[in-house]
Structure formats: C-alpha cells, structure tokens
Amino acid sequence: VRTLRAEASAAESAWLLAERERRRAAHRARGLDGVVPPMSAIQIYKRHCEAATGERAASSGVAAEVAELLRREYATLSEEERRPFERRAERDMHRYQRQRRWKRK
C-alpha cells in the first residue's frame, strides 16, 4: 500500500510540475481577455503521461501519432482510472468560468 501511495504521490508531483509549467507557458500566450482556456480530461491525461515519461509529445516530431495513441489508451481506461483526470478537468473548467466572470467586472 505504501509503494502505491508513493508512486501516486510521485506521479502527482510530476503532474503538478508539468501543470505549473503549462500555466507559465499559457500565461505567456494568453489571448486578449487574459484567461487561459480550460483543459479537457484527455489533455490532462496527455500532460500526465508527458510528466511520467519526462518527454513532451509535441517535441518528439510524431505528435499526431502520439496524440492518437494517447486517445486510444485513454478510451481503454476504466471509469475509476479516468476519474482523477475528469475531476481535474472539471476543476479547470470552474477556474476558467471564475476567471471569465472576474474579467467581465
């Protein structure tokens, strides 16, 4: 049980580092309203896989093939395995909506 928690903790830490870097990059590339669009569950899964492997799919030169493989792999995940990614996507959507409301004021 401890090793599973340690692995989950390590994966979560890697994901958080990747997420921090994604937000920094998004900050530099913000649109006119200054709000970063929300990520879907599959985009979050892709970031998770990139953090776990230590490689970015876009920099590998075969981004389309890698994206298709990740889509297929994500489709085969059980509901329980998808749940963390869907929760993160939902939280990101709430963040997006909150920031949009704040920007309109």
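Neither I44 nor L17 shares a network with the other; the hydrophobic side chains, linked directly or stepwise wherever heavy atoms of I, L, V, M, F, W or Y lie under 4.5 Å apart, form separate groups for each. Residues Y74 and L69 do not share a hydrophobic cluster, clusters being chains of Ile/Leu/Val/Met/Phe/Trp/Tyr side chains in contact below 4.5 Å.
Every ring pair (Phe, Tyr, Trp, His ring centres under 6.0 Å) that F85 has, sequence neighbours left out, goes to Y45, H48. Looking at residues two or more places apart in sequence or on another chain, you find no side chain to side chain donor-acceptor pair (under 3.5 Å) involving R47.
The distance from the CD atom of E50 to the CD atom of E21 is 11.5 Å, given to the nearest 0.5 Å. To the nearest 0.5 Å, atom CG of residue D92 and atom CZ of residue R23 are 5.5 Å apart.
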message: Please evaluate residues R87 and E90 with respect to the criterion salt bridge (charged side-chain N to carboxylate O under 4.0 Å, His left out), reporting the C-alpha separation (whole Å), side-chain torsions for both, the decisive distance (0.1 Å), and the verdict.
response: CA-CA 5 Å; R87 278 194 307 236; E90 189 175 319; over 6 Å; no

task: For the pair R22 and E19, evaluate salt bridge (charged side-chain N to carboxylate O under 4.0 Å, His left out) and give the outcome as yes or no after the intermediate values.
output: CA-CA 5 Å; R22 180 195 72 81; E19 179 66 12; 2.8 Å; yes

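Heavy atoms only, all atoms of each residue included: C49 and L70 are closest at SG-CD2, 3.7 Å. Residues A18 and A51 share a closest heavy-atom pair of CB-CB, 4.0 Å. Taking every heavy atom of both residues into account, S40 and A89 meet most closely at C-CB, 3.8 Å.
A 4.5 Å side-chain heavy-atom check between R100 and Y96 finds at least one atom pair inside the cut-off.
A donor-acceptor contact under 3.5 angstrom links the side chains of R95 and Q99, judged on distance only.
Q97 places no side-chain N or O within donor-acceptor distance of the main-chain N or O of H94, the cut-off being under 3.5 Å.
In summary, R71 and E68 engage in a salt bridge, as defined by a charged side-chain N under 4.0 Å from a carboxylate O.
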